[in-house]
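A short write-up of the structure that comes next.
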Amino acid sequence: LFNNFRTILALSIFFIICFSKFNILYMQKTLQIKPNKSLTNLQIVFFLFVTGFLIAFIGIRFVLVGAWPILIFGIVEFLILVFCSYLYFNFAKRRERIILDQEEMKIQKLNDQEIEDDQSYNLHWSSLKNNKDDLSIHYAGKKNAFARFLSPQRRLKLKKIIERYKSRLS
C-alpha cells in the first residue's frame with residue numbers, strides 16, 4: 001500500500017510539472033522601478049500650506065506698512081512653487097515594470113496604473129548596456145532606453161539582476 005502511494009504521488013507530481021500551465025521549475029520575475037521620492041504627497045501639501053500661510057502673513061504686514069508690491073512678488077513666488085509641485089506630482093506617477101519570463105523580457109512604461117508603452121524582447125538575442133543616463137536594451141538593431149530615473153549604482157544593480165536571470169536560463 002505504501003509503495004503504491006509513493007508511485008501515485010510521483011506520477012501526479014510528474015504530470016503537474018509536465019502538463020500544467022504553471023510550471024514549478026520556472027518562475028517569472030517582476031521588477032517595479034519608480035523615481036526616488038523624499039516627501040509623501042501629504043507632506044508636500046502641508047509644506048505648501050505652511051509656505052502659503054507665511055507668505056500671506058508677511059505680505060499683509062508689508063501691505064499695512066505701505067509696501068504692497070512685496071505681496072505681489074510673494075504671490076507669484078507661491079504660484080511658481082505650486083506649479084513645480086504639480087509637475088513633481090505628475091513625474092512621481094511614472095513607473096516602469098520589467099517582467100522577466102522564461103524566454104522574453106517585457107518592459108512596460110506606466111503612468112499611474114495605465115500602460116503607455118509595452119515592449120517585448122527575446123532574452124537570448126538581446127544585450128543590455130549601462131549608459132551615462134539610462135540603461136538600454138539592444139535587440140534587432142533597435143535600442144530602447146529605460147530606468148532613466150535611477151542612479152548609476154542602481155542601474156548597475158538592475159543590470160546585474162537581469163543578467164543573472166538571463167544566465168540561469170542558459
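All figures in this text were calculated on a predicted structure; none of them were measured in a lab. Numbers here simply count residues along the sequence, with the first being 1.
In this structure, Y121 contributes its side chain and Y139 its backbone to no donor-acceptor pair below 3.5 Å. Under the 3.5 Å distance criterion, the side-chain polar atoms of E96 are matched with a main-chain donor or acceptor of A147. At distances below 3.5 Å, not a single donor-acceptor pair connects side-chain atoms of K132 with backbone N or O atoms of P152.
For R94, the CZ atom is loosely surrounded, since the number of other residues' heavy atoms within 6.0 Å does not exceed 12. For Y88, the OH atom sits in a packed shell: over 12 heavy atoms of surrounding residues, nucleotides or ligands are nearer than 6.0 Å.
A distance of 8.5 Å separates CD of Q32 from CD of Q108, quoted to the nearest 0.5 Å. Atom CD of residue E103 and atom CH2 of residue W125 lie 11.5 Å apart, to the nearest 0.5 angstrom. Note: R97 CZ to T30 OG1 = 7.5 Å, rounded to the nearest 0.5 Å. Of the inter-residue distances, the one linking F73 atom CZ with E77 atom CD reads 11.0 Å to the nearest 0.5 angstrom. Here L79 contributes atom CG and C84 contributes atom SG; the two are 11.0 Å apart, rounded to the nearest 0.5 Å. The distance from atom CD1 of I137 to atom CG of N122, rounded to the nearest 0.5 Å, is 9.5 Å.
When all heavy atoms of S120 and E104 are compared, the pair lying nearest together is CB-OE1, 3.6 Å. Taking both residues in full, the closest heavy atoms of S38 and Q43 are given as O-OE1, 4.3 Å, listed atom of the first, atom of the second, then distance. Here the closest heavy-atom approach between residue K159 and residue L135 is recorded as CB-CD1, 4.0 Å. Here the closest heavy-atom approach between residue L123 and residue M105 is recorded as CD2-CB, 3.8 Å. Considering all non-hydrogen atoms of both residues, Y165 and K29 come closest at CE1-CB, 4.2 Å. Nearest heavy-atom pair, R155 versus D134, reported as atom, atom and distance to 0.1 Å: CD-C, 3.5 Å.
Note on F146: it does not cluster hydrophobically with L156, by side-chain heavy-atom contacts below 4.5 Å among ILVMFWY residues. A continuous path of Ile, Leu, Val, Met, Phe, Trp and Tyr side chains, each step under 4.5 Å between heavy atoms, connects I55 with L81, placing both in one hydrophobic cluster. Tracing side-chain contacts under 4.5 Å through hydrophobic residues (I, L, V, M, F, W, Y), one reaches F46 starting from L54; they form part of the same cluster. Cluster membership check: I70 does not share its hydrophobic cluster with I60, using side-chain heavy-atom separations under 4.5 Å among Ile, Leu, Val, Met, Phe, Trp and Tyr. Linking Ile, Leu, Val, Met, Phe, Trp and Tyr whenever their side-chain heavy atoms come within less than 4.5 Å leaves I99 and I162 in two separate clusters.
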Check your understanding: V63 and R61: side chain to side chain contact (heavy atoms under 4.5 Å, CB included), yes or no, with the steps?
Key -> CA-CA 5 Å; V63 167; R61 300 271 302 182; over 6 Å; no
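Side-chain contact between L71 and F62 is absent, with no heavy atoms from C-beta onward closer than 4.5 Å. Taking the side chain as every heavy atom from C-beta outward, V45 and F49 never approach each other to under 4.5 Å. A 4.5 Å side-chain heavy-atom check between D118 and K106 finds at least one atom pair inside the cut-off. Looking at heavy atoms from C-beta onward, S136 lies out of side-chain contact with L128 at the 4.5 angstrom threshold. Using a 4.5 Å cut-off on side-chain heavy atoms (C-beta onward), L158 and L150 make contact.
Side-chain polar atoms of D117 and Q119 form a donor-acceptor pair below 3.5 angstrom. N111 and E116 share a side-chain donor-acceptor pair at under 3.5 Å.
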